[in-house]
Undergrad: 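Can you keep this structure in mind? I'll have questions shortly.
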Amino acid sequence: MARLEIGQIIAVIKEKLPEAVVEEILDGVDPFVVVKAEQWGETAQLCRDDSRLGFDLLSCISGVDYPEREEGPEIEVIYHLDSTVNHHGITIKVKLPRSDPRVASVEEIWRTADWHERETYDLVGVIFEGHHNLVRILCAEDWVGHPLRKDYEPPDSFHGIKNVIY
Amino acid sequence: MNLFVFTNFFAQTGKDLKNLGDYAEAASTKWGLAEPGVYYEGGLFFAGLIKWLLSTTEVSSALPFAGTVNGLMTSLAADGSIFPELGGLLITIGVVFGFVNVFAIGAVWSERKVSAHMQCRLGPMEVGPHGLLQTVADGLKLLTKEDIIPRLADKPLFAIAPAVVFAGVLMRFVPLPFGDKLIASDLDLGLFFIAAVGAVEVLGVIMAGWASNNKWSLFATIRTATQMVSYEIPIGIAFVTVILCSGSFSLMEIVNQQGGSLLSADDGYTYQGWVWHWNLFRNPFMPILGIVYFIASLAECKRAPFDLPEAESELVSGFHTEYSGMRFALFFLAEYAAMYLVAAVAVVIFLGGWWSGIYPLDALGTGPDATIYTKTLGLLVKVGVFLSKAFALVFVQMWIRWTLPRIRLDQMMYVCWKVLLPISLLCFVGSCLWELVSGGASVFGFGIVVE
Amino acid sequence: MNEIENRNPDPLTKNVIFMSAIDDVINATRANSVWPLTFGLACCAIEMMATGAAKYDLDRFGSGPFRGTPRQSDLMIVAGTVTHKMAPRVKRLYDQMPEPKYVIAMGGCVIRGGPYVKHGYHVVKGVDLLIPVDVYIPGCPPRPEALLEGLFKVQKLMKREKILDRTRRTTKPEVYQPV
Amino acid sequence: MLLNMGPQHPSTHGVFRVVVRTDGELVLESESHIGYLHRCFEKCAEGNNYLQVVPYTDRMDYLCAMMNNWGYAAAVEDLAGIEVPERAEYIRVIVAELNRVASHLLAFGTYGLDIGAITPFLYAFRDRERILKIFEKLCGQRLNYSYVRVGGVTFDMTDEILADIEAFCDYFDPKILDEYDNLLSYNGIFISRTSNVGVIPAELAVSYGVTGPSLRGSGVQRDLRRDAPYGIYDRLEFDVPVGSGEMGQLGDCWDRYMVRMREMRQSIRLVRQAVKDIPEGPFCDKKAYRAVKPKAGEVYKRVEGARGEVGFYVVSDGTNIPYRVKARAPSFCNISILDKLTSLSNVMLADLVAIIGSLDIVLGEVDR
């Protein structure tokens with residue numbers, strides 16, 4: 001297989017799932033596409049299985065909290081996909097409402113998503129539907145809140161240990 | 001000091017029970033150690049020592065604690081002030097215990113130094129010259145540490161397990177010579193005793209691991225049980241082969257044979273003892289068997305690469321994970337004592353014991369024209385030769401430990417059952433046939449015929 | 001003599017000269033055989049390993065044997081950041097060590113949270129909120145020489161111990177009980 | 001039997017906890033728990049300005065801090081459109097490759113320790129000290145250098161240090177060949193302990209996001225230095241060693257270990273080339289050195305660290321404080337495969353230690 005440019009990759013996705021891509025921003029430092037949250041599961045499956053794309057490596061899942069968006073408070077989940085065969089990559093974003101951020105889990109497609117999704121749930125509070133074990137991974141089990149939300153306030157003390165000292 | 005006060009006390013009470021003077025006189029005549037009625041004033045100990053050194057008669061093993069020390073005590077008892085058997089017992093225990101402790105302290109220090117120099121380091125430097133007193137400091141520190149018995153542990157078992165392990169090792173020193181005439185007790189079944197009492201140590205380790213109520217300890221326990229029980233077998237076969245060739249279980253006897261006619265010409269050894277009379281060169285199978293024994297003995301005393309029971313990276317600290325303070329120190333002592341023990345047994349059964357393998361050197365202090373000085377010198381040489389052989393093997397053990405990685409449990413079992421055991425059995429059969437065909441000749445063709 | 005007796009009201013330590021001689025011997029052995037617990041948490045652990053390794057060689061001072069189990073160690077070098085998730089374990093390991101025990105807080109994170117003091121919501125701001133600390137070594141991470149210096153400080157502390165005087169330990173605050 | 005290994009355990013390379021269900025010595029399944037060193041890197045990054053974040057990146061993967069610095073700096077440079085002087089690029093390659101050697105040395109040493117050989121550890125540290133000495137001369141720190149910064153590097157590389165580096169290469173290159181291979185790599189016990197243990201098939205490795213030497217040990221030809229060149233790597237010659245399965249199945253612990261050993265040699269080769277070609281000129285962008293204020297936007301930048309792909313996803317909202325910095329830590333993905341490996345085949349407890357060691361994790365990076 002050959003290396004594809006970003007435009008060609010988007011074309012392949014659009015060819016199979018015409019509804020999925022809602023927004024594509026190609027002029028930034030890093031081009032990215034925004035995929036409809038409801039269709040993310042199918043898109044992910046396509047990205048891995050289509051031999052022209054061949055995104056077999058999920059590099060990273062990041063969650064970013066945007067409480068002050070014009071469109072309303074949002075949480076973005078960013079997937080950085082990579083292909084070890086074709087040596088190309090793509091950035092896919094899924095935008096979720098901040099009040100109820102739910103998106104399909106892709107841990108069956110890329111096994112590495114298991115821990116990454118747990119981490120995103122832990123720190124940003126995105127709920128990945130279909131994940132087999134969506135519990136906190138980095139913070140303590142009984143930690144309260146999602147620290148990377150912009151309005152997060154750390155607890156004054158945790159289990160009797162003073163946490164804020166000034 | 002206390003020892004002698006203690007002995008004297010018993011001697012005083014003993015006087016009332018029995019006419020000790022008569023007994024002592026009879027004994028000294030029997031041993032030919034002291035002229036009857038001679039009273040040693042002052043310097044009692046040294047007088048006895050000189051008297052005993054001058055004696056040429058071989059000490060037999062008629063009494064339970066016969067042998068050198070007891071012979072010495074008997075000569076001391078000539079004045080009727082020391083009850084010989086008890087004194088011999090106490091001194092024997094003292095000597096063995098003292099040796100074990102001093103050796104362990106020295107060995108721990110040298111292990112740390114050896115490892116340090118192998119690893120481009122210096123090792124202990126601050127306590128005493130070149131850190132010589134480092135282990136003493138460690139030992140005293142461990143003595144004064146808090147002794148923790150975990151709440152959920154099986155308390156009685158937990159408490160006595162280190163003592164059982166240590167006793168298991170210490171008991172095996174009983175039939176082990178340190179040099180010519182220097183033996184706690186020359187048991188007739190010496191090698192058998194060593195092999196049998198080895199099981200006590202396993203028992204202690206199992207007790208320790210089980211009683212700790214710690215899963216890591218339990219793992220170590222199971223590993224120890226499998227390992228030590230399995231490796232008893234190649235060791236046992238090595239013992240059997242040596243016994244078969246020598247015709248004796250007694251360690252003294254086995255060593256004496258390897259030295260030839262030196263001290264016991266009247267016992268039927270008609271040849272001069274040289275290096276090739278050592279058991280190692282007795283037949284072509286013996287060197288292989290020696291290596292098998294050495295490997296198995298590494299496993300027996302839990303040294304690398306068989307240090308699975310205390311594998312630090314896997315089982316935290318193995319069976320003594322929960323032990324602190326002095327109880328842990330006892331395990332430590334036992335480990336180093338066992339290191340010396342297996343090395344010394346290897347020296348006895350394969351490497352000619354205290355014989356240097358050079359006839360003139362071995363002959364020092366024997367014969368009709370021997371003086372007190374040559375006799376003393378000869379004794380010292382023999383002790384030196386024996387200890388240096390054993391220490392050389394201990395050094396090899398250390399060397400291996402700091403070089404090789406650890407093997408896995410299944411590989412350890414594989415090595416034992418599928419490599420060492422068949423090889424040792426082959427060597428056993430081979431040695432049998434060799435003895436049968438050659439009539440006891442060594443591999444170099446020199447006759448070793450024991451009548 | 002009166003003066004000395006006044007300083008030692010404890011009847012057990014009345015025999016001052018004898019006891020101090022014993023103290024000296026025992027303290028000397030303790031100070032020269034400080035076995036640290038293998039307790040590396042983060043970056044400082046690498047420097048702790050480097051201190052034990054060839055160039056700096058902690059073994060020269062008798063502190064070579066890093067013990068894997070707290071039961072056999074005298075010194076806990078808390079090397080690295082302590083987090084809230086780890087805190088109960090640190091406390092438990094400290095409790096498992098036999099007396100007399102000492103703690104070195106190695107590195108900025110252990111002293112007061114280091115660079116994570118402001119935004120590190122999950123970082124314990126100083127291990128002395130959990131366990132009593134004897135010697136603090138600043139640095140991020142401290143150099144091996146600094147750790148050696150910390151060890152000497154601990155040795156100095158050990159040499160001041162009185163074997164029958166248990167007040168030093170009991171007056172140490174029970175700072176934290178895991179909930 | 002349920003057995004809890006860690007967080008304080010000699011062989012877990014820090015505060016990593018595995019709960020294993022065992023049947024005797026056999027490990028039936030395992031469950032990894034991380035987060036005992038969660039130091040909130042991402043929260044800290046949101047509270048400091050772009051230049052102040054650099055020291056936090058050191059403390060993620062403290063064994064190859066240079067690469068983490070570089071990853072972050074490159075991300076911010078892309079975002080703010082800062083040109084890095086050519087000399088700085090060369091210096092970056094030199095320090096990063098030296099740091100890779102230092103990191104692999106430590107991996108070699110601690111792996112020996114895990115397997116039960118203690119002496120290799122000391123040997124590795126002896127040689128590692130030489131690299132640290134060079135770094136100390138260069139930037140005054142032994143571990144967390146913060147040397148590679150946005151717009152260049154902190155200090156210039158003097159000729160004296162270059163000479164030191166060359167001397168180190170001359171000393172070290174033949175050394176790996178002879179001493180280390182004799183000591184550990186081809187030791188019979190070592191091979192029997194590591195070959196055919198913890199075999200990661202290539203597909204599984206990719207699916208689990210395993211990168212770096214652990215992925216190359218499974219025979220996958222993937223190295224960002226060659227596949228997606230950054231810095232000046234496209235001007236330098238080097239090979240990408242991959243596992244060959246010469247001692248057992250492809251992708252076993254021995255392969256992963258050996259890839260690291262061979263990579264050290266390639267790193268030395270790269271250092272030699274960079275030292276030879278290093279141009280004169282400025283070593284940093286003085287303006288970027290004082291303040292960075294990129295336009296709103298986002299970037300994901302990856303570099304090849306000693307453990308795999310170090311990625312930084314940086315979002316800017318136009319101020320001098322990053323809106324969000326997400327770090328993609330290679331160890332985080334690499335160690336997530338552990339549970340799968342124990343369920344794939346029945347490993348023994350000693351093998352579990354060998355597998356963890358061969359994945360070469362740094363907990364500071366796993367938990368961040």
Undergrad: Please state whether the side chain, the backbone, both or neither of Leu123(A) comes within less than 4.5 Å of a heavy atom of chain D.
TA: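 When you check distances to chain D, only side chain atoms of Leu123(A) fall under 4.5 Å.
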Undergrad: Which bit of Val315(D) comes within less than 4.5 Å of chain A, counting heavy atoms only: side chain, backbone, both or neither?
TA: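 For Val315(D), the side chain is the part near chain A, not the backbone.
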Undergrad: Check each atom of Val124(A) against the heavy atoms of chain D and say whether the ones under 4.5 Å are side chain, backbone, both or neither.
TA: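 For Val124(A), the side chain is the part near chain D, not the backbone.
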Undergrad: For Leu250(D), enumerate each residue passing the side-chain contact (heavy atoms from CB on, under 4.5 Å) test, keeping only those at least two apart in sequence or located in another chain.
TA: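 Counting only residues at least two positions away or on another chain, Leu250(D) forms a side-chain contact (heavy atoms from CB on, under 4.5 Å) with Asp255(D).
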Undergrad: Could you state the interatomic distance from CZ (Phe41(D)) to CG (Leu138(A)), rounded to the nearest 0.5 Å?
TA: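 Going from the CZ atom of Phe41(D) to the CG atom of Leu138(A) covers 13.0 Å.
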Undergrad: Are there donor-acceptor pairs under 3.5 Å across chain D and chain A? List atom names and distances.
TA:
residue, atom, partner, partner atom, Å
Lys43(D), NZ, Pro147(A), O, 2.9
Glu46(D), OE1, Lys150(A), NZ, 3.1
Ser207(D), O, Arg111(A), N, 3.1
Ser207(D), O, Thr112(A), N, 3.0
Ser207(D), OG, Arg111(A), N, 3.2
Tyr208(D), O, Thr112(A), OG1, 3.3
Tyr208(D), OH, Arg111(A), NE, 3.2
Arg222(D), NH1, Asp82(A), OD2, 3.4
Arg222(D), NH2, Asp82(A), OD2, 2.7
Glu298(D), OE1, Lys93(A), NZ, 2.5
Glu298(D), OE2, Lys93(A), NZ, 3.1
Tyr300(D), N, Asp30(A), OD2, 2.7
Tyr300(D), OH, Ser59(A), OG, 2.9
Arg302(D), NH1, Asp82(A), OD2, 2.3
Glu309(D), OE2, Ser59(A), OG, 2.6
Tyr323(D), O, Lys150(A), NZ, 2.7
Tyr323(D), OH, Asp65(A), O, 2.6
Arg324(D), NE, Gly63(A), O, 2.7
Arg324(D), NH2, Gly63(A), O, 2.9
Lys326(D), NZ, Ile61(A), O, 3.2
Lys326(D), NZ, Glu119(A), OE1, 3.3
Lys326(D), NZ, Glu119(A), OE2, 3.1
Arg328(D), NE, Ser59(A), O, 2.6
Arg368(D), NH2, Glu119(A), OE1, 2.7
Arg368(D), NH2, Glu119(A), OE2, 2.6

Undergrad: Based on non-hydrogen pairs under 4.5 Å, which of Ile61(A), Leu58(A), Ile78(A) is most in contact with chain D?
TA: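 Sorted descending by pairs with chain D, the first entry is Ile78(A).
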